[in-house]
Every structure is written in C-alpha cells, then in structure tokens.
Amino acid sequence: MDASNPSLSQLAETEAAILSLERERTRLPQVIAAAEARAAAASDFAAQARARLESAEKDRRAREAEAQDLGSKRSKFQAQSAVVKTNKEYTTLLHEIETHSKRIAEVEDAILVAMEGIESATEELGHAEAAAKQSDREVKKETDELREQLAEVERRLAQHREERTALLVGLGPKVEALYSRALKTRANGIARIEHGGCS
C-alpha cells in the first residue's frame, strides 16, 4: 500500500480482503466444531459399546445367579426325595427335580449365549476405543491447524482494518463520510470496479 498517495482502488482492494477474511473467520469455527463433533461421535460410539458389554456381563451374572439358585432348589428336592413316605410325594418331588433340571439347562444355554455376546461386545469395544483414540488424535491435529489458521486470519484482518483506516484518513473527510454512509446500508463501504461495473 502506498500510504503517501492513497487511492479508491486501494481502499476497494483492502475492503475486499477484509470481507474475505471475515467470511473465513466465520467459517473456520464451524469447521472446528464439525471436527470436534466427529471425535465426540466416535467417543459416544465407544461409550455405547462399553454399555453393551456391561449389560451383557450383567445379564450373564444374573443368569449364573439364577442357575445357582435353581441348582440349590434342585439339591433340596433331591435331599427330600430320600425321606418321603408316599409314592405321590416321591412323584411330585421327581417332577420338581426334572422341572428345575430343564430350567437349569435353559439358563445354562442362556449363559452361553450371554458369553458369546460378551466376547462379541469386548471385540466391538476394542475396535470402538481404538477408533475413538485415532479420531481424537486426528481431530486434535486438524483443530490445532485450524486454530492456527484462525489466529492468522485474525492477525491479517486487524492489519487490513488498520490499512483501511489509514487509507480513509489519507483520502480525506469527504470520502470517509461517504464510506461511513455506504457502510451503514451495505455490508461494505466500497466495491471494486471489474469489467466496467461494480463487483
């Protein structure tokens, strides 16, 4: 910029640079927020996988407790079968023992299914946590770079605003007043002339 002989075209170029930098200053935080949302989504997925694993483990423990309870009841019925006096009581106890044995077999099958679910959930959790860590690293690197870009945009924006102020002072109070009036009605106070018309 030639501060000794300011021109309207210099003011228009400076104004265009300011508008471009302001757009970039608005865009960069949105890009940062989108990147951080990706990392948060990966962390949320890992948390959901952890919750599924905990649920599967809780289900297995509940099934194991049920099987143990049923086993105790069956043992009690088996012990009673040795001291019953009538065939009817003995038949009833055998029926109870058989019912509990079937239920124990069903619960043991459910425990096996739960253990398979735990194995699957453990594997899924491992993948999800690894993906979340990778995403965190990538997003941190990306957002650090974007924040550096944003700081540079802020620095350049301040520099161009100072240039604009100096140009307006150099162009005189009439131009400064016209510029201020135009700025109140539009996004910028001056436009470049391109191909014979306002840009």
Side-chain angles (χ1 to χ4, degrees), residues 19-158:
L19 290 172
S20 174
L21 289 167
E22 285 174 343
R23 281 192 293 272
E24 192 68 358
R25 186 177 65 173
T26 301
R27 183 189 73 83
L28 286 171
Q30 295 169 350
V31 176
I32 291 169
E36 289 172 342
R38 284 197 319 271
S43 293
D44 287 347
F45 185 76
Q48 291 168 6
R50 192 175 299 107
R52 284 190 290 275
L53 174 59
E54 289 169 0
S55 176
E57 288 174 339
K58 184 179 177 182
D59 182 51
R60 185 205 66 204
R61 287 191 299 272
R63 300 287 184 175
E64 287 172 346
E66 183 183 0
Q68 190 174 15
D69 184 49
L70 289 167
S72 296
K73 288 178 181 176
R74 181 179 63 182
S75 296
K76 181 179 143 191
F77 288 133
Q78 287 171 335
Q80 286 177 352
S81 68
V83 294
V84 293
K85 306 257 191 251
T86 67
N87 274 346
K88 185 176 179 184
E89 289 175 338
Y90 185 74
T91 304
T92 302
L93 284 174
L94 285 180
H95 177 70
E96 287 296 327
I97 291 168
E98 184 181 334
T99 300
H100 279 72
S101 294
K102 284 181 182 176
R103 182 64 189 140
I104 288 170
E106 289 171 2
V107 171
E108 286 173 345
D109 287 345
I111 290 170
L112 290 175
V113 170
M115 290 173 74
E116 289 173 2
I118 288 169
E119 187 178 322
S120 173
T122 301
E123 186 177 330
E124 181 187 10
L125 177 59
H127 292 309
E129 286 181 336
K133 285 179 184 174
Q134 178 69 22
S135 178
D136 279 344
R137 282 193 297 272
E138 290 171 359
V139 166
K140 183 178 180 339
K141 181 180 178 190
E142 182 181 345
T143 56
D144 286 348
E145 290 171 2
L146 289 167
R147 285 189 175 94
E148 286 175 15
Q149 289 176 26
L150 184 57
E152 176 62 14
V153 164
E154 293 284 1
R155 187 194 65 74
R156 289 176 52 212
L157 187 56

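Here CD of Glu36 is found 7.0 Å from CD1 of Ile32. Values are rounded to the nearest 0.5 Å. We find the CD-OG distance between Gln48 and Ser43 to be 11.0 Å, quoted to the nearest 0.5 Å. To the nearest 0.5 Å, atoms CG (Leu19) and CG (Leu157) are separated by 9.5 Å. Rounding to the nearest 0.5 angstrom, the gap separating the CD atom in Gln68 from the NZ atom in Lys73 is 12.5 Å. The distance from atom CE of Met115 to atom CG of Asp59, rounded to the nearest 0.5 Å, is 12.5 Å. To the nearest 0.5 Å, the span separating CD on Glu108 from CD on Glu106 amounts to 11.0 Å.
No more than 12 heavy atoms of other residues, nucleotides or ligands sit less than 6.0 Å from atom CD of Glu123. Arg25 CZ: more than 12 foreign heavy atoms inside a 6.0 Å radius. Counting heavy atoms of neighbouring residues, nucleotides and ligands inside a 6.0 Å radius, atom CD of Glu119 does not exceed 12 of them.
Distance alone, capped at 3.5 Å, places no donor-acceptor pair between the Ser120 side chain and the Gly117 backbone. Put simply, the side chain of Ser75 gets close to the backbone of Gly71: a donor and an acceptor are under 3.5 Å apart.
Closest non-hydrogen pair, Leu125 versus Ala46, comes out as CD1-O, 3.5 Å. The two atoms that bring His100 and Leu70 nearest to each other are CD2-CD2, 3.6 Å, heavy atoms only. Nearest heavy atom pair, residue Ile118 against residue Leu53, reads O-CD1, 3.6 Å. In this structure, Arg27 and Glu24 approach most closely via the heavy-atom pair NH2-OE2, 2.7 Å. When all heavy atoms are compared, the tightest approach of Ile104 to Ala67 is CG1-O, 4.3 Å. Scanning both residues, Arg63 and Val107, for their nearest heavy atoms gives O-CG1, 3.1 Å.
Gln134 and Glu138 share a donor-acceptor pair across their side chains, judged by distance under 3.5 Å alone.
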Let's go through Arg38 and Ser135 carefully: what are the C-alpha distance in whole Å and the side-chain angles of both, what is the deciding distance for side-chain hydrogen bond (donor to acceptor under 3.5 Å, both in side chains) to 0.1 Å, and is it a yes or a no? CA-CA 8 Å; Arg38 284 197 319 271; Ser135 178; 5.8 Å; no
Glu66 and Arg103: CA distance, side-chain angles, deciding distance, salt bridge (Lys or Arg N to Asp or Glu O under 4.0 Å) verdict: CA-CA 10 Å; Glu66 183 183 0; Arg103 182 64 189 140; 2.7 Å; yes
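The pair Arg60-Glu57 does not count as a salt bridge, with every side-chain nitrogen at least 4.0 angstrom from each carboxylate oxygen. Under 4.0 Å is where a charged nitrogen must lie from a carboxylate oxygen, and between Lys140 and Asp144 at least one such pair does. For Glu129 and Lys133, the salt-bridge test fails: no basic side-chain N is under 4.0 Å from an acidic carboxylate O.
Using a 4.5 Å cut-off on side-chain heavy atoms (C-beta onward), Ser55 and Lys58 make no contact. At least one side-chain heavy atom of Leu150 sits under 4.5 Å from a side-chain heavy atom of Pro29. Contact annotation: the side chain of Glu145 approaches that of Lys141 to within less than 4.5 Å [non-hydrogen atoms, C-beta and beyond].
A cation-pi arrangement is present between Arg52 and Phe45 under the rule of less than 6.0 angstrom and at most 45 degrees off the ring axis.
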